[in-house]
Amino acid sequence: MLDIRALRQDGEAIKTALSKRGYTLDLDAFASLDAKRKQADIRSQELQADRKKASKQVGELIKSGMAVEEAKAQVADTLQTIDAELDREVASAKAIQEDIREFLMGIPNVPQDAVPAGNDEDDNVEVRQWGTPKVLPFEPKDHVDVGEALDGGLDFERAAKLSGARFSVMSGGLARMHRALIDFMLDMHSDEHGYQEVYVPFLVGPEALRGTGQLPKFAEDLFKMEGERELYLIPTAEVPVTNLAADEILEADTMPRRYTCHTPCFRSEAGSHGRDTRGMIRQHQFEKVELVQMVRPEESDAALEALTGHAEAVLQKLDLPYRVVILCGGDLGFSSSKTYDIEVWLPSQQCYREISSCSNFQDYQSRRMQARWRNPETGKPELVHTLNGSALAVGRTLVAILENYQNEDGSVTVPEALRPYMRGLERLK
RNA sequence: GGAGGGGUGGCAGAGUGGCCGAAUGCACCGGUCUUGAAAACCGGCGACGGGAGACCGUCCGUGGGUUCAAAUCCCACCCCCUCCGCCA
């Protein structure tokens, strides 16, 4: 959510910045809502103040010895006049406040200056490359062919029997490698990058989803539970982990907060029919190790660079070639002010595919969820900046390993860094 | 599932109809003292919205209600704790 004061003061500048992401901010609508709000606010506050004064007067009269009924009679007329108008004014003030809140909740975050202009992923700008795309001395198979050929490997048909399209079953060595990847990533972030591992609920209420920005606009992307309680399957650990700070005031000496968390993620993929239907690139259920940070505002730019580096470190240890791109305005997520995507090399597609997304949300999420810290310089609670990134999407990491580490005989070499997590196993056959 | 207790400022905790946005303690900030620090003492110190400001309004888990007046009384819901039962 944007700061309403900023919108009043710098409406035009914000509108211009938002146009970079293809969003047209209706400043006239805002101005008229805000004017209406102010009018209703002032009027209802006057009435409330008058009413309060009259009530106090009754108390004072009684105390000075007047009979209760007599004291009430003194103000009866005033109260009657006020009451006639008050209910209406308060109700309309409330309604307009709510309208403004909904209006604000529907505006995406303002892209930073560094975000390049552009409409879609084709306009994203490469920042750096790491490693050299592997050239295999044979025709590379894609991860589906590699995985299905393994002894106990990938099985999409049985997954479909259980749950339909976009699910997978893994077994044997592949299932173990999948689990090993999670362990490997969590250990790395805890031991080397200074994150605290957390375990969180996989079902959350609507308030948490409003806090991070999935609701109210993107309900169709979520799986909603049946039952008397309104609960949703999390689409990413970002939701429960970032909301740990909701409605809290963090002490400065406990910051920055850095959390790493493994969860399954559930996405309806409502808007992506026909895209990536083959294999496990785009699934309704997948595992992800997430990094989340809550930092002082002046530290968030540097924190994004560091966090992105932490995600990159996983690929470096696994020796998987990748590149980092900065998302253009049109491709930027709703709540983000700046996002780096990390894309891993897939030999079968001869291109880089997204495996991580690292974002700085600045105070956009924290304002929605009222996540604050006590600034020692001012003594006041101020909004924190939040960031997160995948480090990494586990399923896609597995895809990248299957493709980049495949051998001509159909076996898959286990990346060296992963072997300690797989009891020394060197090959999947 | 049954019985009871409870949700108040950053934390702890008082407050059972008007003088309460709220005692007190801790924490925090400023000052005195001190070579410095600690201690002691003095003062300050909730959040949000509006206003140039004086100020005004809202907020005591949430939502309704009673009343001229609600943290305080009534109703519903949510959450937490204790005991019993059940259970991975």
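A note on names: the letters A, B, ... follow the listed sequences, proteins ahead of strands, and every chain is numbered from 1.
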Under 3.5 Å, which donor-acceptor pairs link side chains of residues 285-292 of chain A to any protein atom two or more places apart or in another chain?
from	atom 1	to	atom 2	distance (Å)
Glu287(A)	OE1	His262(A)	NE2	2.6
Lys288(A)	NZ	Thr236(A)	OG1	2.9
Lys288(A)	NZ	Glu290(A)	OE1	2.5

**Item:** Partners meeting side-chain hydrogen bond (donor to acceptor under 3.5 Å, both in side chains) with His284(A) (sequence neighbours left out)
**Value:**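 Expected list: none.
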
**Prompt:** Where the side chain of Asp221(A) meets the backbone of Glu269(A), is there a donor-acceptor pair that is under 3.5 Å apart?
**Reply:**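 It does not hold such a pair.
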
**Message:** Within residues 364-375 of chain A, which residues have any heavy atom lying less than 4.0 Å from an atom of RNA chain B?
**Reply:**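 Heavy-atom contacts with RNA chain B come from Arg372(A), Arg374(A).
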
**Contact residues, residues 96-107 of chain A to RNA chain B [heavy atom, < 4.0 Å]** =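 Here the set is empty: none.
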
OP1 or OP2 of [N] versus the side-chain N and O atoms of [X]: is any pair under 4.0 Å?
| X | N | result |
| --- | --- | --- |
| Gln48(A) | U58(B) | yes |
| Lys52(A) | U58(B) | yes |
| Arg5(A) | G49(B) | yes |

**Request:** Would you please name every residue forming a salt bridge (charged side-chain N to carboxylate O under 4.0 Å, His left out) with Glu89(A), sequence neighbours left out?
**Result:** none

For [X], which contact category applies under a 4.0 Å heavy-atom criterion: base, sugar-phosphate, or nothing?
| X | answer |
| --- | --- |
| Val75(A) | nothing |
| Pro381(A) | sugar-phosphate |
| Ile4(A) | nothing |

**Asked** If the sugar-phosphate is the primed atoms plus P, OP1 and OP2 and the base is the rest, what is the B/S/- string for nucleotides 61-67 of chain B, using protein heavy atoms under 4.0 Å?
**Response** -------

